[in-house]
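Atoms considered below: every heavy atom in the structure, side chains included; atoms not considered: hydrogens, waters and symmetry mates. Every number for a ligand or one of its atoms is a count from 1 in the order of the listing.
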Amino acid sequence: MNIAHLLLKSAQAFRDHTALARGTEPHLSYRDLWRKVSVMSTHLRVRFGLAPGDRVAFAMTNCVESLEVMYAIWHAGMCAVPMNAKLHAKEFAFILDNSGARLCFVTPDLAVTIAEAVKDALSVKEIVDVTTRPYTFMAVGDPSPMAEAEPTDPAWLFYTSGTTGRPKGATLTHRNLLAMTLNYYADVDRPPPGSSMVHAAPISHGSGLWNFPMMARGVVQVFPDSGHYDVAETIALMNRWPDCSIFLAPTMVKRLIEHPRLGELKPGALRLISYGGAPMYVSDLKNAMKLLGNVLCQLYGQGESPMTITHLSREMHGQTDHPRWEERLASAGVADACVEVRVVDEDGRPVALGEVGEIIVKGETVMAGYWNNPEATAKSLRDGWLWTGDVGTFDEDGFLTLKDRSKDMIISGGTNIYPREIEDVLNLHPAVAECSVVGRPHPEWGEDVVAFVVTRAGAQVTAAELDRLCLDNIARFKRPKDYKFVDALPKNNYGKILKTELRTRL
Ligand code: AMP
């Protein structure tokens with residue numbers, strides 16, 4: 001089934017309900033959204049000459065057009081490549097080139113960056129700014145029928161950076177996305193028609209993935225005018241639109257509960273906060289529950305099994321009289337309805353309860369593989385099991401607690417930062433002999449990035465020079481906030497840098 005059927009069915013069942021809203025204003029009803037995407041899909045095929053299976057990318061700050069574009073792509077049987085709006089031109093170039101995208105939609109703030117990026121991504125033939133006439137013109141003309149899609153056809157390439165430093169495109173099929181949607185109803189919530197969702201977190205990631213369960217239920221999806229997470233604006237939108245659901249990274253939840261205007265949130269305005277993507281401190285969680293009520297549901301997932309590995313439901317959050325309530329709050333909950341989850345040793349054998357091992361997952365939500373990257377696919381998918389790279393332990397009731405991130409990933413403000421990517425850049429400097437990048441606990445962001453640098457004998461380099469080098473090569477948010485110049489890096493007998501020791505020093 002083509003995932004765009006979710007919209008078609010809602011266009012029939014909830015025709016005049018508002019589907020999309022710009023801030024406080026309704027933008028399109030379900031029927032009008034359906035009509036618009038079916039006309040846009042004609043343009044994709046006829047005007048841009050694209051065919052089913054072609055990849056179409058976008059780089060946009062959150063806006064209603066992002067969902068218009070996505071559904072037009074699926075309606076035409078093509079594959080969407082949503083890119084994180086905060087990436088660097090070189091990172092965009094890599095994704096555009098790797099995915100072989102033929103067309104890229106942008107918001108005006110990203111037009112220059114993408115124009116720069118496509119110089120190194122020759123597959124991209126055209127860039128369309130969604131605020132200009134070429135985009136407006138896409139709503140004019142005849143609708144075309146929805147393309148058929150096999151369950152195994154790629155629908156969404158979800159690019160995540162890996163330990164290799166190169167982003168990898170987790171290939172999510174129509175079936176993966178449908179399973180994820182049904183899983184939302186089984187484990188997270190079943191939002192009623194006419195309720196709302198505010199997209200404050202990036203649409204290229206979790207918030208965008210949650211569009212499906214909303215679209216299928218006649219929910220109004222609201223895009224903040226600012227295009228990002230502004231707490232005061234978010235509170236105003238939650239008051240404006242009824243029975244609101246929202247996806248937030250743990251640091252965003254913390255910013256919400258610590259905001260001076262939280263008191264303005266009307267009782268009952270908030271239906272659900274689903275949070276995840278990084279660990280949430282128990283103290284913050286308890287605080288959030290005290291201030292907001294029992295509206296929180298935790299998710300543990302990754303791009304490779306989107307939003308679906310385990311969950312800690314609202315009910316579980318609310319079982320305050322359970323003897324292991326605190327322990328459970330510190331866990332990531334129990335396995336989702338649509339997946340089987342195991343904790344295993346290096347050979348894939350399940351370890352005993354309470355013992356730590358790598359988390360592996362099997363089920364309908366697990367990606368088909370990494371786009372154009374058979375080597376990485378073979379490492380991550382073995383005998384149908386996804387090796388997550390996360391480490392954890394199960395208790396006797398099936399609650400999974402995450403212990404560490406075996407890939408040394410840093411999570412800052414809910415966004416993953418892979419040290420290797422930054423180390424690769426720092427190593428470009430002729431004065432850098434060696435370096436290692438680690439995360440340091442940060443009260444607001446969860447972690448921030450710190451680089452340990454060893455300079456070559458007789459050579460000199462300043463933090464400002466290294467900062468410039470990073471700005472020239474990677475997204476701003478990834479660059480180290482602090483540089484520690486040291487004589488040597490701690491290493492084990494195999495010469496492997498001991499990041500744990502570096503973290504301890506911090
Ligand atoms: P991404 O592929 O960008 O969604 O990142 C996925 C990674 O974020 C996972 O492999 C985990 O390391 C981390 N993560 C996701 N959800 C949680 C959670 N609920 N608690 C702790 N870490 C999480």
Side-chain angles (χ1 to χ4, degrees), residues 82-84 86-87 91 95 156-164 167-172 176 180 187-188 201-210 247-254 273-282 284-285 288 296-313 316-317 328-336 339 341 343 356 358-361 365-367 370-371 376 379-380 386-393 399-419 421 439 441 445-447 475 477-478:
M83 299 188 289
N84 179 345
K86 286 196 215 147
L87 295 181
E91 296 164 313
I95 294 174
W156 180 316
L157 300 188
F158 185 107
Y159 275 86
T160 73
S161 297
T163 38
T164 54
K168 291 177 290 187
T171 304
L172 304 176
N176 290 152
M180 181 199 73
D187 289 337
V188 183
I203 202 77
S204 57
H205 282 66
S207 205
L209 286 162
W210 275 170
F247 170 75
L248 298 174
T251 52
M252 297 166 95
V253 178
K254 192 168 157 71
I273 296 181
S274 53
Y275 66 93
M280 174 96 154
Y281 296 113
V282 174
D284 290 338
L285 183 54
L296 290 120
C297 176
Q298 187 195 168
L299 312 153
Y300 158 56
Q302 55 178 206
E304 292 83 346
S305 179
M307 312 301 270
T308 43
I309 297 176
T310 63
H311 67 284
L312 190 73
S313 67
M316 293 164 186
H317 280 84
R328 288 182 172 184
L329 286 189
S331 81
V334 300
D336 281 2
V339 290
V341 183
V343 170
V356 176
E358 182 161 348
I359 299 159
I360 64 171
V361 189
T365 52
V366 171
M367 65 164 183
Y370 293 113
W371 185 261
K379 271 192 206 145
S380 286
L386 167 70
W387 289 62
T388 61
D390 291 318
V391 174
T393 168
F399 284 74
L400 181 74
T401 299
L402 297 176
K403 287 294 181 201
D404 199 2
R405 299 184 300 273
S406 63
K407 292 172 184 162
D408 286 322
M409 184 175 78
I410 299 166
I411 305 186
S412 187
T415 306
N416 299 347
I417 300 175
Y418 292 86
E421 266 183 290
W445 300 110
E447 285 181 295
F477 70 88
K478 296 180 185 172

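- Checking side-chain atoms of Thr308 against main-chain N and O of Ser305 turns up a donor-acceptor pair under 3.5 Å.
- Side-chain contact between Thr310 and Val334: absent, with no pair of heavy atoms (C-beta onward) separated by less than 4.5 Å.
- Using a 4.5 Å heavy-atom cutoff, the side chains of Asp336 and Tyr300 are not in contact.
- Of all atoms in ligand 1, numbered sequentially from 1 with element shown, those under 4.0 Å from a heavy atom of Gly303 are 1 (P), 2 (O), 4 (O).
- Considering backbone and side-chain atoms alike, Gln302 places an N or O below 3.5 Å from some N or O of ligand 1.
- The distance from ligand 1 to the heavy atoms of Gln298 drops below 4.0 Å at these ligand atoms: 18 (C), 19 (N), 20 (N).
- Listed by number with element, the atoms of ligand 1 under 4.0 angstrom from any heavy atom of Gly301 are 6 (C), 9 (C), 15 (C), 16 (N).
- Residues Thr401 and Thr393 bring no donor and acceptor atom of their side chains to less than 3.5 Å of each other.
- Distance alone, capped at 3.5 Å, places no donor-acceptor pair between the Ser331 side chain and the Leu329 backbone.
- Here Thr251 pairs with nothing under the side chain to side chain donor-acceptor pair (under 3.5 Å) rule; sequence neighbours left out.
- Only backbone heavy atoms of Ala278 (N, CA, C or O) come within less than 4.0 Å of ligand 1; its side chain stays farther off.
- Comparing Asp390, Thr310, Leu299 by heavy-atom distance to atom 12 (O) of ligand 1, the nearest is Asp390.
- For Met307, the heavy-atom gap to ligand 1 stays at 4.0 angstrom or more.
- Taken from NZ in Lys379 to CH2 in Trp387, the straight-line distance is 14.0 Å, to the nearest 0.5 Å.
- With a heavy-atom cut-off of 4.0 Å, Met280 does not touch ligand 1 at all.
- Atom 14 (N) of ligand 1 has its nearest heavy-atom neighbour, among Ser305, Gly392, Gly277, in Gly277.
- The Leu402 neighbourhood of ligand 1 comprises atoms 20 (N), 21 (C), 22 (N), with distances under 4.0 Å to a heavy atom of that residue.
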